[in-house]
Amino acid sequence: MDADRKSTVSSFYGGRKTPVDALSSEYVTTPLRGGHRDDGSSFFTPDRSSMDHLTSGRPSAGYNRGTFHPSAREEPLKGGRDEEKDLAMGGDAWDVYADFNNAGPRYSSAILNQPSNSAGYSQLPPPSPMIKEEHIDPEGKVEMVTVPALGAEWGKDEMREMTKSGRRERKKEARKQFWKEWNRGQRGLCGKYFTRKVLVFFLFGLCVAVGIILAVTIPRVPRFSFNGGTPLVPIPDSDIPTQFSRFPPANFTFAGAASLQVDTTSNVLPIVFTHLRATVFDLDTNRLVGTGDYKRHSLPAKSFPKILLPLNFTYIADNSSDVTWTNWYNACRNRALYTNNKRPTLKFRLVLDMDIQGLPSTRSTSAQIADADCPVELPQNAA
């Protein structure tokens with residue numbers, strides 16, 4: 001360090017200070033004029049103890065030459081090369097106490113008042129505060145506007161999601177996630193209510209309801225039985241003529257109706273026949289001797305209705321010795337040709353093919369009888 005900038009106080013460089021007795025007369029300073037207290041206590045009330053306040057009228061921090069310890073070496077401090085330059089330029093000498101008492105030139109002011117070509121430091125202007133844009137709506141709410149940082153606007157994943165394949169993949173993942181959550185019972189199909197548990201109960205109730213509806217609406221195949229007294233009855237106004245012929249080929253033709261009783265007690269709703277086809281077979285020879293068709297007809301439910309099924313009896317044989325032709329001819333001859341007016345009976349089997357509305361396929365049933373009277377009667381002179 002330069003000699004002129006080095007402090008001459010020996011205690012500054014670590015020298016031991018002489019012990020001072022606070023009660024000695026050297027330590028107590030002489031009171032100032034005006035009855036003020038000493039400078040040792042002026043730190044707490046600087047406006048009452050500072051002489052600068054009385055002379056200049058300005059408040060002071062209360063520091064002067066008498067404030068420092070009297071035993072220290074009292075010597076004006078040198079300002080170094082800056083003070084020498086200031087004196088050479090015609091300015092006042094820099095006083096270290098001026099920075100505390102606000103009296104005289106300050107060191108900072110001396111630096112700032114130097115000419116522009118001086119090599120001294122100059123204070124930079126304070127930075128201007130950041131201005132924030134604020135949008136105030138009519139309700140008085142303040143909205144802070146922030147500017148996004150510069151950078152890439154779209155990432156690689158975002159560019160991928162904007163393509164068709166990316167959207168399809170995203171939808172596929174969303175569907176997989178949806179079914180996974182639905183299987184776990186975490187969400188429902190229609191909002192949060194139609195979960196898997198609700199769906200199971202709903203399907204169970206739906207099956208029960210469908211079963212009840214089918215039990216009520218699906219028709220059952222009815223049972224048929226012949227009228228015990230008159231299984232076959234004539235048809236008075238039939239267009240089919242009654243004819244028996246022995247000449248080859250032997251044949252017979254006549255009309256009749258089967259008197260049937262239908263059991264519909266197993267049905268809840270009325271049963272509708274779209275077609276009721278009948279075929280008649282001889283029990284002895286199992287030959288087809290008659291057909292019939294009972295077209296669309298409706299029968300009430302939970303009852304035993306009676307119907308007359310129209311039949312057309314027709315048969316052709318090689319000659320009159322045919323067993324089937326002989327059986328039906330003998331049963332239909334005139335009663336006067338037999339003892340006690342009692343003719344032989346007809347024995348046949350009736351097969352019914354039913355097309356019922358509400359059933360997908362054709363159902364069949366059969367009934368047979370062995371003591372049926374012929375519905376027609378030939379004249380006595382018939383061959």
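Throughout, numbering of the chain's residues begins at 1 and tracks the sequence. Hydrogens, waters and symmetry mates are skipped; everything else that's a heavy atom, side chains included, is used.
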query: Between Lys347 and Asp371, is there a side-chain N and carboxylate O pair less than 4.0 Å apart?
result: no
field: Min side-chain heavy-atom separation Tyr315-Val280 under 4.5 Å
entry: no
message: As a quick check of understanding, evaluate side-chain hydrogen bond (donor to acceptor under 3.5 Å, both in side chains) for Thr324 and Thr285, giving each step before the final call.
response: CA-CA 6 Å; Thr324 304; Thr285 61; 2.6 Å; yes
- prompt: If we only count heavy atoms from C-beta on, is the Leu352 to Leu309 side-chain gap below 4.5 Å?
  reply: yes
- request: Determine the sole option in Thr265, Asp263, Thr365 for which the side-chain hydrogen bond (donor to acceptor under 3.5 Å, both in side chains) test with Arg223 is passed.
  value: Asp263
query: Heavy-atom count around Arg170 CZ within 6.0 Å, excluding the residue itself: above 12?
result: yes
- prompt: Under 3.5 Å, is there a donor-acceptor pair linking the side chains of Thr362 and Asp353?
  reply: no
message: Is there a side-chain contact between Ile240 and Phe254 in this structure, where contact means two heavy atoms from C-beta onward sitting under 4.5 Å apart?
response: no
message: Using side-chain heavy atoms (C-beta onward) and a distance below 4.5 Å, is Leu283 in contact with Leu346?
response: no
message: Applying ring-ring contact (aromatic ring centres under 6.0 Å, His included) to Phe313 and Trp328, what does each step give before you reach the verdict?
response: CA-CA 10 Å; Phe313 295 96; Trp328 286 82; 5.4 Å; yes
query: Just checking, any donor-acceptor pair under 3.5 angstrom between side chains of Arg296 and Gln357?
result: yes
task: Specify whether Tyr329 and Trp325 have parallel, tilted or perpendicular ring planes, treating 30° as the upper limit for parallel and 60° as the lower limit for perpendicular.
output: parallel
field: Check: Arg335 main-chain N/O paired with Glu377 side-chain donor or acceptor under 3.5 Å
entry: yes
- line: Residues at least two apart in sequence or cross-chain that pass ring-ring contact (aromatic ring centres under 6.0 Å, His included) with Phe224, listed by chain then number, are none
message: When you measure from the side chain of Thr163 to the backbone of Gly166, do you find a donor-acceptor pair of N or O atoms at a distance under 3.5 Å?
response: yes
- prompt: So, do Ile307 and Tyr294 sit near enough that their side-chain heavy atoms are less than 4.5 Å apart?
  reply: yes
- prompt: Looking at Arg343 and Asn334, what are the two nearest heavy atoms and their distance?
  reply: CD-C, 4.4 Å
Check: Gln177/Glu181 side-chain N/O donor and acceptor closer than 3.5 Å: yes
query: Do other residues, nucleotides or ligands put more than 12 heavy atoms under 6.0 Å from Ile316 CD1?
result: no
field: Distance-only polar pair, side chains of Thr230 and Ser259, donor-acceptor under 3.5 Å
entry: no
field: Among Leu232, Asp282, Leu311, the one residue meeting side-chain contact (heavy atoms from CB on, under 4.5 Å) with Phe348
entry: Leu232
message: I'd like to know if the side chain of Thr264 reaches the main chain of Pro222, judged simply by a donor and an acceptor atom lying under 3.5 Å from each other, with no hydrogens or angles considered.
response: no
